[in-house]
S.K.: 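Starting off with a structure, shown below.
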4 protein chains.
Amino acid sequence: MEFHKKDPIFLQIVEMICEKILTKIWVEGDKIPSVRELAVNIEVNPNTVMRSYTYLQEKGIIQNRRGIGYYVAEHAYDDTLELMKTNFIRNDLPLFFKTIKLLDIDFDELKGRFKKFKEGKQEDENQQ
Amino acid sequence: MEFHKKDPIFLQIVEMICEKILTKIWVEGDKIPSVRELAVNIEVNPNTVMRSYTYLQEKGIIQNRRGIGYYVAEHAYDDTLELMKTNFIRNDLPLFFKTIKLLDIDFDELKGRFKKFKEGKQEDENQQ
Amino acid sequence: MEFHKKDPIFLQIVEMICEKILTKIWVEGDKIPSVRELAVNIEVNPNTVMRSYTYLQEKGIIQNRRGIGYYVAEHAYDDTLELMKTNFIRNDLPLFFKTIKLLDIDFDELKGRFKKFKEGKQEDENQQ
Amino acid sequence: MEFHKKDPIFLQIVEMICEKILTKIWVEGDKIPSVRELAVNIEVNPNTVMRSYTYLQEKGIIQNRRGIGYYVAEHAYDDTLELMKTNFIRNDLPLFFKTIKLLDIDFDELKGRFKKFKEGKQEDENQQ
DNA sequence: GTGGTCTAGACCACC
DNA sequence: GTGGTCTAGACCACA
């Protein structure tokens, strides 16, 4: 897994997990990889993965069964969607709008790009 | 000037300057405030302002005339626009699209929000 | 480490690091000293070392692994050589030639001097 | 006149004057431009020119006749040559040698370049 | 432990 | 007056 340096790594892991849940790759009740296992897979310090899991547990998206492992919690899909949506609308969107306006970018042109993006990424979707 | 703590202050200063240039408040050849002057104005340490100026000079957006001060460089407007635009398209846009798709947000609804945003900010526009 | 005062210290540190890379004392993938460690070693403020590292990172010669430290980047040797060589040919050489011509210095005599220089420095070579 | 930012401007002016003397464009006894005149010509603060003249006067290369102006001093040619030569050999040459060695540049190839340089610049020589 | 940012204050060379 | 560099020391987030 590759990380950009804009956000902390543990948040990028969180996001990766949220994606799995939103795309129904992982559904409620599924066991997710152990801290160590994931750490090895994505070549990251176990502490960092631990931090991601703790974060997600606090948000109620995953649950720990002691000695067994972490599981996708009940209502995880809805909670994740809710969490990311409010986050997006509160934080990302205003900045996004500000930039579009400042750079004088045509919103309709963006729509075209978005369509292409959706189609172009179709095949990659189930990888990884 | 107020700073959020998501980005480092010196980058927020950079952005502030870029905005001045993009909105033509500062145009090519204009002298910009001296390091110390700006530092006092926005209540920040001169080192921090210095860092912003150095950064902008490396990008070719401002230029130093020795012993005199910093000036908005030639082609600063075009360079700034270019720089921010490619940056936006390469980095922000893909992430933005990815999130919209993942959260299944309606693009046309966004357009409505954007219109409101633009109008809502109308009155601030001519302040500085 | 001793510094002359013609150039800023942080650039002398940069040069020192480039030399280590060019002489293969440090090779691609090597971890270089942490900011604090080097700062103590060469008796300089950590900020100054930080500045050197940031500079080198921008040039793509070293890379940061978050929370771990700085490493000599891929192709660092080639990049460094390339960077210094073009720099030398574009900036130093013309000035050098201009001066030699102006002072009417014999080029072949210089060659002799250079040989002596090379031999005279021979014993220092393997120190660090 | 254009200045690079490696050296202070006043030293670049000094050098420019030395060149005029070494190329015999200005010879002993010649009146050189007044501080103000030169300052206007090369678009520089008069104080800066003044500093150059003072510097040269201290070195005995130009002389001030009060109320009249500055003149190229006796033995200016020899003194300039001497001054620049020792300067070159003491400061520039060792650095130059060090770099050539580090970058593993062939000295004989340099000689070829120098020849070309000499010829290529032939026609520019008497301008300015 | 690592880097990264910031403040405060000093000193210097240059214009 | 201007920028530029450096030190000292602090604080923070991240791995």
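Every chain is numbered from 1, with letters handed out A, B, ... down the list of sequences.
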S.K.: Does Thr54(C) or Asp7(D) map to a spot on DNA chain E nearer the 5' end, using the closest nucleotide for each?
M.R.: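 Its nearest nucleotide being more 5', the pick is Thr54(C).
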
S.K.: Please determine whether any donor N or O and acceptor N or O are separated by less than 3.5 Å between the side chain of Asn45(D) and the base of dC14(E).
M.R.: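 Between dC14(E) and Asn45(D), which were checked side chain against base, a qualifying N/O pair under 3.5 Å is absent.
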
S.K.: Which whole-number value in Å describes the distance from Lys6(A) NZ to dG4(E) P?
M.R.: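 Rounded to whole Å, this separation is 17 Å.
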
S.K.: Taking CG from Asn64(B) and P from dG1(F), how many angstroms apart are they, rounded to a whole number?
M.R.: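 The answer, rounded to whole Å, is 17 Å.
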
S.K.: Should dC14(F) form a Watson-Crick or G-U wobble pair with both distances under 3.5 Å, which nucleotide is its partner?
M.R.: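 Base partner found: dG1(E).
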
S.K.: Which atom pair, heavy atoms only, marks the closest approach of Ala76(B) to Glu28(B)?
M.R.: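 The answer is N-OE2, 3.7 Å.
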
S.K.: Can you find a donor-acceptor N/O pair under 3.5 angstrom joining the side chain of Asn47(C) to the base of dG9(F)?
M.R.: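 Indeed there is one.
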
S.K.: Given atom CD of Glu37(C) and atom C1' of dG1(E), what is their separation to the nearest angstrom?
M.R.: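 One finds 11 Å between C1' of dG1(E) and CD of Glu37(C), rounded.
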
S.K.: In whole Å, what is the span from the OH atom of Tyr55(C) to the P atom of dC6(F)?
M.R.: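 Value for this atom pair: 13 Å.
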
S.K.: Tell me the interatomic distance from Met50(C), atom CE, to dC6(E), atom C1', rounded to whole angstroms.
M.R.: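 Whole-Å distance recorded here is 13 Å.
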
S.K.: Ignoring backbone atoms, test whether Arg51(B) places a side-chain nitrogen or oxygen under 4.0 Å from the OP1 or OP2 oxygen of dT5(E).
M.R.: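 Checking dT5(E) against Arg51(B), a side-chain N or O does come within under 4.0 Å of OP1 or OP2.
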
S.K.: Using ring centroids (six-membered ring only for Trp), state whether Phe96(B) and Phe88(A) fall under 6.0 Å.
M.R.: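 Yes, they do, as the ring centres are separated by less than 6.0 Å.
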
S.K.: In whole angstrom, give the distance that lies between atom NZ of Lys5(B) and atom P of dC6(E).
M.R.: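 Answer to the nearest Å: 13 Å.
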
S.K.: Starting from P on dT5(F), measure out to NE2 on His4(C) and report it in whole angstrom.
M.R.: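 Result: 13 Å.
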
S.K.: Whole Å only: how far is the CD atom of Gln12(D) from the P atom of dA13(E)?
M.R.: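 Atom-to-atom, Gln12(D) to dA13(E), this comes out as 18 Å.
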
S.K.: The side chain of Ile9(C) lies closest to which of these nucleotides: dC15(E), dC6(F), dT7(F)?
M.R.: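 The answer is dC6(F), which lies nearest to the side chain.
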
S.K.: Tell me whether Glu19(B) is salt-bridged to Lys98(A), with the criterion being a basic N under 4.0 Å from an acidic carboxylate O.
M.R.: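 Yes, Glu19(B) and Lys98(A) are salt-bridged.
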
S.K.: Flag the pair Val44(D) / Gln12(D) as yes when at least one side-chain heavy-atom distance between them is below 4.5 Å, and no otherwise.
M.R.: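 No, every pair of side-chain atoms sits at 4.5 Å or beyond.
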
S.K.: Is the shortest side-chain N/O distance from Tyr70(C) to OP1 or OP2 of dG4(E) below 4.0 Å?
M.R.: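 So the side chain of Tyr70(C) is within the cut-off, an N or O lying under 4.0 Å from OP1 or OP2 of dG4(E).
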
S.K.: Record whether the side chain of Arg36(C) comes under 3.5 Å of the base of dG3(E) through a donor-acceptor pair of N or O atoms.
M.R.: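 Per atom types, the contact qualifies.
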
S.K.: Kindly point out which of dT5(F), dG3(F), dA15(F) is positioned nearest to the side chain of Pro8(C)?
M.R.: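 So the nucleotide nearest the side chain must be dT5(F).
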
S.K.: Just to confirm, is there a sub-4.0 Å distance from OP1 or OP2 of dT5(E) to any side-chain nitrogen or oxygen of Thr48(B)?
M.R.: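 No, Thr48(B) has no side-chain N/O under 4.0 Å of OP1/OP2 on dT5(E).
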
S.K.: Start at the 5' end of DNA chain F and walk down; is the nucleotide closest to Ile68(C) or to Gly67(B) reached first?
M.R.: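 This one resolves to Gly67(B).
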
S.K.: Between Arg65(B) and Val44(C), who's closer to the 5' end of DNA chain F by nearest nucleotide?
M.R.: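 The residue mapped nearer the 5' terminus is Arg65(B).
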
S.K.: Salt bridge or not for Arg65(B) and Glu43(D), using N-O below 4.0 Å?
M.R.: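 Salt bridge flag = no for Glu43(D) with Arg65(B).
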
S.K.: Any base atoms under 4.0 Å from Tyr53(B), or only sugar-phosphate, or nothing? Heavy atoms, all strands.
M.R.: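 No contact at all - Tyr53(B) keeps every heavy atom at 4.0 Å or more from the nucleic acid.
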
S.K.: Considering only side-chain heavy atoms of Gln57(B), which listed nucleotide, dG4(E), dG4(F), dC6(F), is closest?
M.R.: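 Closest of the options to the side chain of Gln57(B): dG4(F).
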
S.K.: If only side-chain N and O atoms of Arg66(B) are considered, is one of them under 4.0 Å from the OP1 or OP2 phosphate oxygen of dC15(E)?
M.R.: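 True: Arg66(B) side-chain N/O within range (under 4.0 Å) of dC15(E) OP1/OP2.
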
S.K.: Is the terminal nitrogen or CZ of Lys5(A) (NZ for Lys, CZ for Arg) located under 6.0 angstrom from the six-membered ring centre of Phe3(A) and within 45° of that ring's axis?
M.R.: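 Not flagged: Lys5(A) not positioned over aromatic ring of Phe3(A).
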
